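Here the structure comes first, spelled out in structure tokens, and everything after it is commentary.
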Amino acid sequence: MPEAPKTSAENGHFVVDENNKKILQFIEEVTTNADEVQQKVLAEILAQNAHVEYLQRHGLNGHTDRETFKKIMPAITYEDIQSDITRIANGDKSQILCSQPISEFLTSSGTSGGERKYMPTIEEELARRSQLYSLLMPVMSQFVPELEKGKGMYFLFIKSETKTPGGLPARPVLTSYYKSPHFKNRSPDPYTNYTSPNETILCSDSYQSMYSQMLCGLCQNKEVLRVGAVFASGFIRAIRFLEKHWPFLCHDIRAGTINNQITDPSVREAVMKILKPDPKLADFLEAECSKDSWQGIITRLWSNTKYIDVIVTGTMSQYIPTLDYYSNGLPLVCTMYASSECYFGVNLNPLCKPSEVAYTLIPTMGYFEFLPVHRNNGVTSSISMPKSLNEKEQQELVDLVDVKIGQEYELIVTTYAGLYRYRVGDVLRVAGFKNNAPQFNFICRKNVVLSIDSDKTDEVELQNAVKNAVTHLMPFDAHVTEYTSYADTTTIPGHYVLFWELNVNGSTPVPPSVFEDCCLTIEESLNSVYRQGRASDKSIGPLEIKTVESGTFDKLMDYAINLGASINQYKTPRCVKFAPIVELLNSRVVSNYFSPKCPKWVPGLKQWNNMN
Ligand code: AMP
């Protein structure tokens, strides 16, 4: 099977064009021979893992062919392997899912029972992830030349990590990657020449990390050709940070010193290697930042920037207007599609509009199958689908090269690290083909109604959270008759808003502090990724409850029926996105309340923390 050529120094100096050509050739080959590559990937995974307990349990008996695999192995969700995962986490070193030792768990932002999912991974997967990264810049360089002549200002962060009872690290996939030698000791490559020194990225204090990365980005502003973060929300947070802290940053640039709040010695040392007193630059930055309007601030401060590299597909599309405002409409580039389970693919037409982004799944990354999703009135039927597929649905699974243009599918993956026919939970639509490999629009994460950053809240979680909160209203004989929610991204960071219509029978009005308690109870009831975003990452703002005039939800129904909804089938949507509906709700707000403090959050699974 073709291997992506390594991005490396050749004979002491880097041959950018040569390397780019090799990478593009690799993409041509694997997309042309997509089916053969897929068959080989599956055979390799099954041969390597022929003796693992999981495959034996299902009776695969060492078969490595596609037909037997499809006949015997069930398509599964996390819950189906949770007990295996728990055994591995608790220190069972036998070959349960994978013949190679599980090196760590990647904590997915997808949750199960309110807790993060723990995805097993193996050492060699790091190389596979690096391989996908190595495809990005050669693709980009076809559209924007000479990027190797400058730097990328990327705001990259590590998040807190924990250890399982058996001693394995458990952390987000990017934290794992940034801490690995693949990232830390990357060979000199003009395409991974970032303004942020490794030490600033690897600093676990998020304030110090952000401050020092921004400082380095500002003092090298002329060299910056592209800017970005992983998700749009993260990049906007960085701009917001600048809005708050530019006087200190300018002071540091003027004096060539670093603020005392930055105490991490390795960060200070790394920054001081870059920072030189530059009063002229400080004057310029001060003049720009103190202007009333921050429109176009990115192009004003980093004037050579060609594009913003952030994911704006899926729920992140809610941030496009803000990015457009700050950048005066620079191209927004979504380069890749990946998850903790597996890295999937790349966007081969990176300058396309965000609404047209299509990811080409790279057939060497894992073995991909697709479950057709049938939509009914804009609602995916899979929402109500049982978690285990019945035999018919199982037979409906199609291979990578057999998907049909325009059809939507749920992605199912088999990985080198021990997931077999695992339902990722993403819904994709086939937009076209690159040779024989399909290109997919990312449609949505199944069931997710609210998301600000990497949090993913579903309708059931929201319902339970509201149920817990309304108990505070009981002493006042007040009830929530209807509710809906909205992800408000006009604030930075964004926050969840709940619209409540109340029926108050008691004579004592409900005091504001009680509504604030309701806000906090909702937050305490939401999943661990949400609570981490609030309490640790500060990537989500305090939850807000807005009470609305009585009759508001009837108006909402009238509106939907006017738009063609059937009166018999109408159900209050538990989340609203459509601007006129949000406007309607906002126009009838009586009062609003915010969560007074952060919900509790500790790293690791609840049961591990109870053991201590
Ligand atoms: P995690 O497992 O926490 O790394 O999250 C992976 C999930 O993030 C994927 O399954 C998608 O739902 C979402 N995601 C990753 N990349 C993209 C992308 N390019 N566009 C939209 N959603 C994405």
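For clarity, every value in this text was computed on a predicted model and none was experimentally measured. Counting convention: from 1, in listed order, for ligands and their atoms alike.
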Identify all pairs of nitrogen or oxygen atoms, one from ligand 1 and one from the protein, separated by less than 3.5 Å, and list them with distances.
unit_1: ligand 1; atom_1: 2 (O); unit_2: Ser108; atom_2: OG; d: 3.3
unit_1: ligand 1; atom_1: 2 (O); unit_2: Ser340; atom_2: N; d: 3.2
unit_1: ligand 1; atom_1: 2 (O); unit_2: Ser340; atom_2: OG; d: 2.7
unit_1: ligand 1; atom_1: 3 (O); unit_2: Ser109; atom_2: N; d: 2.7
unit_1: ligand 1; atom_1: 3 (O); unit_2: Ser109; atom_2: OG; d: 2.6
unit_1: ligand 1; atom_1: 4 (O); unit_2: Ser340; atom_2: N; d: 3.4
unit_1: ligand 1; atom_1: 4 (O); unit_2: Ser340; atom_2: OG; d: 3.3
unit_1: ligand 1; atom_1: 5 (O); unit_2: Ser109; atom_2: OG; d: 3.4
unit_1: ligand 1; atom_1: 10 (O); unit_2: Asp426; atom_2: OD1; d: 3.2
unit_1: ligand 1; atom_1: 10 (O); unit_2: Asp426; atom_2: OD2; d: 2.6
unit_1: ligand 1; atom_1: 10 (O); unit_2: Arg445; atom_2: NH1; d: 2.9
unit_1: ligand 1; atom_1: 12 (O); unit_2: Asp426; atom_2: OD1; d: 2.7
unit_1: ligand 1; atom_1: 12 (O); unit_2: Asp426; atom_2: OD2; d: 3.4
unit_1: ligand 1; atom_1: 19 (N); unit_2: Met336; atom_2: O; d: 2.9
unit_1: ligand 1; atom_1: 19 (N); unit_2: Tyr359; atom_2: OH; d: 2.9
unit_1: ligand 1; atom_1: 20 (N); unit_2: Thr313; atom_2: OG1; d: 2.6

Inset, instruction - Mind checking side-chain hydrogen bond (donor to acceptor under 3.5 Å, both in side chains) for Thr313 and listing every partner two or more places apart, or none if nothing turns up? - result: Tyr359
Legend entry - Arg531 with Asp455: basic N within carboxylate O range, under 4.0 Å: no
Legend entry - For Thr491, side-chain hydrogen bond (donor to acceptor under 3.5 Å, both in side chains) partners two or more places apart: His495
Inset, instruction - Determine, for Tyr416 and Arg128, whether the Lys NZ or Arg CZ falls below 6.0 Å from the six-membered ring centre while staying within 45 degrees of the axis. - result: yes
Inset, instruction - Please list, chain by chain and in numerical order, all residues satisfying side-chain hydrogen bond (donor to acceptor under 3.5 Å, both in side chains) with Ser355, sequence neighbours excluded. - result: none
Legend entry - Tyr409 ring center near Phe368 ring center (under 6.0 Å): no
